[in-house]
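Heads up, the thing below is written out as structure tokens.
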Amino acid sequence: MPKDTGIGAAKKRREDVRFLTGAGNYTDDINVRGQAYVHFLRSDVAHAKINGIDTSAAAAMPGVVRIFTGADFTGVGGLPCGWQVTDRHGVPMQEPPHPILAQGKVRHVGDPIAAVVADTYEQARDAAEAIVLDLEELPAVVNMGAALKDGATKVHDDLTSNLCYDWVLGQTDDAAVQAAFDAAAHVTTLELTNQRLVANPMEPRVAVAEYSRGTEDYTLYTTSQNPHVIRLLMCAFVLGLPEHKVRVVAPDVGGGFGTKIFHYAEEAFVTFAAKACNRPVKWTASRSEAFMSDAQGRDHVTKIELALDADNNFVALRTNTMANMGAYLSTFSSSVPTWLHGTLMAGNYRTPVIQVNVKAVFTNTVPVDAYRGAGRPEATYQLERVIDKAARELGVDPIKLRRQNFITEFPYDTPVALTYDTGDYNGTMDKLEVAADIVGFAARRAESEKRGKLRGLGVNCYIEACGIAPSNIVGMLGARAGLYDAATVRVNATGSISVMVGAHSHGQGHETAFPQVVAEMIGIDESMVEIVHGDTSKIPFGMGTYGSRSLAVCGSAMVRATEKIINKAKKIAAHLMEASDTDIELKDGRFTVAGTDKSVAWGDVTLTAYVPHNFPLTEIEPGLEETAFYDPANFTYPAGAYACEVEVDPETGKVTVERFAAADDFGNIINPMIVDGQVHGGIGQGIGQALLESCVYDENGQLLTGSYMDYAMPRADDVPFYAVDHSSQTPCTHNPLGVKGCGEAGAIGSPPAVVNAVIDALHSGGMTHVAHIDMPVSPSRVWSAMQG
Amino acid sequence: MYNFEFVKPATIADAAKALGTEEAQALGGGQTLIPALKQRLNAPATLVSLSGIGEMKGVCRADDGTLAIGGATTHVTVASEAAAHYPALAALASHIGDPAVRNRGTIGGSLANNDPAACYPAAVLGSGATVKTNTRDIAADDYFQGMFTTALHDGEIITEVRFPVPQKANYQKFVQPASRFALTGVYVAKFADGVRVAVTGASENGVFRWTEAEAALSADFSPAAVEGLTVSADGLIRDIHGTPEYRAHLVKVLTKRAVAAAA
């Protein structure tokens, strides 16, 4: 019987009631008395020298409070990058300044040049149009290959080139790698692009800041996945403010997908301007602004080579990637193509020799940073595509080739720096074969062919490193932050509980799943437990929500804090029952003395803690509140196998996804309904990348996909119903819940399944010359590929 | 958006008068104009809403057998009320944009804008319809004059569109993945005296007639009749969603499908 409460229960998300009934409280719902509005004048060219900014006419416009330019920020820090990558020669990456408002040059379309603060938003826009700019346009650097050529125009004049770093992981000896390839029986090579994406959360970014002249306190309301990190970065690196005078609140947030992790110029600006203008300042991005100012995702160009021996065992893997950083280094941009990408190149397979090379490149485009999966989709896509190509070249079954090369013994040290603690890739593949009804595919293909359609089956595996991350390890790798998390469990006198957690919930269902854990541990009803998140004034600390880390890291902190609560409560119960605390057992919300019929209820103990009339005051303090910080011992390694079936219309090249099955091993599951939803959403985004989405700049750096008229988001009718199975469970060995994380899996595992299926369909139709089609696999691209 | 005056006349005469003022702009359903205003791409002094004019709304069969549709009739109304008279036209209307667009957007607004990827221009040209304005009747063959360009004079109002009802007709839209406008759309209409084929979404000059296919289909109304024809890619649109060659290919595929669906 499925459980209906506690860990493992498929509880509906309690927070959905407010989201679905219009009772949410988003940042744009927050209005502070007397607030002014800021409009950013953004560059409409990709690269230009700023010769002059004349704000005199604009400043005289109605309602204008003040106009800011880069000159107002000369004494202020720039936006920091949170991860220093060291290149293959031991040299730190090139790290250009990233000003709040442009200084001397603009470097991408959307780069903010000036900010107009006015009584109304329309007045701010009117005045911005009256600012006279003297811009001297420069050649735009858009293509990464061209950017790395000698003599290329430099995005940053003070850097030696447009190369941020040239990084290598795994076997660093090129000759040793080449020797492995020379000895191989077969080498499969694939060149591919993992195209640039725009995250497009439903809620655009918003920031409102107020400053109290009396107390010198600031409050910033902002659309963030991690308010403490924003406070730390903004106070320590940008504005030079004491953290205790700054409160950052991220209220209900309408989706993040990574792009709301980072510290942005606009939120630092409104905080700065709130004091400078002595008035609250609000900014709400339009969708058009989001397209040119939210950090974008992916944008890798890769050549991958897989070497196999005569028995089809993988013997070596070499991959060379150019990763687009855009014009500036966004908060975690440098870590995405390196430590979140190169480390995953072993995939689920035993490959003894692996070399990963990544060249990160500056271009005159919007900065690129983590987007759902962050590096791991790029790793999975290239690896699972090249394996599929190898299977086709060798004439072997793609599932069999994968199974033959699976890692089967754990722990397993990969050649690319990770230690997988546990997994069962064959067991998960078994589940997939059932969920996807692989044996029924031939009949479905025959039926499609009767209708004149080509049907293809694509299968792939994925592995990801989640639960980010052990602070000691990431510190050695260049992270400028620790990646633990924290929770405070506050038990009230009547026994209800508030849990203040560092993880921010913006669609992940924490408000439902986290209480299931605490309620189960104590044996009380979930309705007695509430999660508090998103406010630095209420929560001890937190590194936020990304990298599928919330439950594995913050959830573990919550477990540790709850364990402390239970230990203390047992002491109180022991006192009340005049027993030894070692004899106290807690079950179903009652404390009992082992071997007796004595018991006290949870509520009796909690009330005693706060009304300590009969209390062992000499042994323990009154009250019942505990905090724990948890730093993980290792990453977690969710893994799975996905299968996609597509139909291709041979006349138009149009691809439709007919079936999609996912078998995931997330370790233990707290709420299977939420896990299903996370996988569904991830697959939807993965299908979006595979078939529809693409952020395109022209050769002058103009954004061609600046709205939904040209940037194709997946819609409900673009995706099928999914078959999701997460019954393959090898619990994480090193966190107390045995959980691995599920938030990104769908987006990581699904793009190669879709593309593999399209190639399979075309081959079934005799178009065996089509080895690869870059994403998005749009009708016109499929048709062009079919023409040969 | 910038500030403007807003008037909502109740008669065609009052609307024409209002549109005679300096920098006045007609507003139909606003599905193109309002976003443009929000982006500050357009700065009319006066917006003249046509949505309050009762005599410009509705669908009816005229005495001469043609289907008359008021210029201010929304897509959703055409979809429901034209269904009994001209199913292919109703089906086209039912697939424009999304429900919000169909409940606000109007046939007159779409034709006055003449977006090169819009659906209605294909139906009007493919049906050989007549665009009636407050001052004259304009044959479809004279009305469409290129991308976003029409025979309308400044201030002229599309009051009605008269569609001859064909024996058979069908519209095939192959959607652009992002906007879901027509990447290419083909409207085929078979009349007693011949077949008309109109193509939208494909050409840099907006909607056009594929006359070779019309001749072939007039002789033999079957998909096979166009099999031997080719469409030149010259002058067709190249963008991130498709090449001229792909659009040329789609014109033929969609024409065959439209004929098969109509037959």
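Between chain A and the residues B:Gln176, B:Lys256, B:Arg247, the most heavy-atom pairs under 4.5 angstrom are made by B:Gln176. The candidate from A:Lys654, A:Gln787, A:Arg781, A:Glu129 with the greatest count of non-hydrogen atom pairs under 4.5 Å with chain B is A:Glu129. Among A:Asp710, A:Val696, A:Leu691, A:Leu692, the residue with the largest count of heavy-atom pairs under 4.5 Å with chain B is A:Asp710. In terms of heavy-atom pairs under 4.5 Å with chain A, the best-connected choice from B:Ser179, B:Pro177, B:Ala178, B:Gly242 is B:Ala178.
Ion pairing of A:Asp111 with A:Arg42 is absent here, as no side-chain N (NZ or NE/NH1/NH2) approaches a carboxylate O to less than 4.0 Å. A salt bridge between B:Arg238 and B:Glu204 is absent, with no side-chain N of the basic residue lying under 4.0 Å from a carboxylate O of the acidic one.
Applying the 6.0 Å contact sphere to CD of B:Glu5 captures no more than 12 heavy atoms from other residues, nucleotides or ligands. No more than 12 heavy atoms of other residues, nucleotides or ligands lie within 6.0 Å of NE2 in B:His95, so this atom counts as exposed by the packing criterion.
Remark: B:Arg40 is positioned above the aromatic ring of B:Tyr2, its terminal NZ or CZ atom under 6.0 angstrom from the ring centre and at most 45 degrees off the axis.
In this structure, the portion of A:Ser288 lying under 4.5 Å from any heavy atom of chain B is its side chain and not its backbone. Interface remark: A:Pro714 contributes no atoms to any contact with chain B (heavy atom separation under 4.5 Å). Residue contact with chain A, scored on non-hydrogen atoms closer than 4.5 Å, is absent for B:Lys252. Residue A:Arg125 touches chain B through both its backbone and its side chain, counting heavy-atom pairs closer than 4.5 Å. The contact between A:Thr705 and chain B is made entirely by side chain atoms (from C-beta outward), counting heavy-atom distances below 4.5 Å. Heavy-atom distances place the side chain of A:Asp649, and not its backbone, under 4.5 Å from chain B. Residue contact with chain B, scored on non-hydrogen atoms closer than 4.5 Å, is absent for A:Ser778. In this structure, no portion of A:Glu693 lies under 4.5 Å from any heavy atom of chain B.
With sequence neighbours excluded, the residues satisfying side chain to side chain contact (heavy atoms under 4.5 Å, CB included) with B:Lys168 are B:Lys190, B:Phe221, B:Ala262.
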Fill in: Criterion salt bridge (charged side-chain N to carboxylate O under 4.0 Å, His left out) on A:Asp28 and A:Lys282, from CA distance to verdict
CA-CA 9 Å; A:Asp28 198 44; A:Lys282 181 169 187 174; 3.3 Å; yes

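A side-chain donor-acceptor contact under 3.5 Å links B:Asn170 and B:Gln172.
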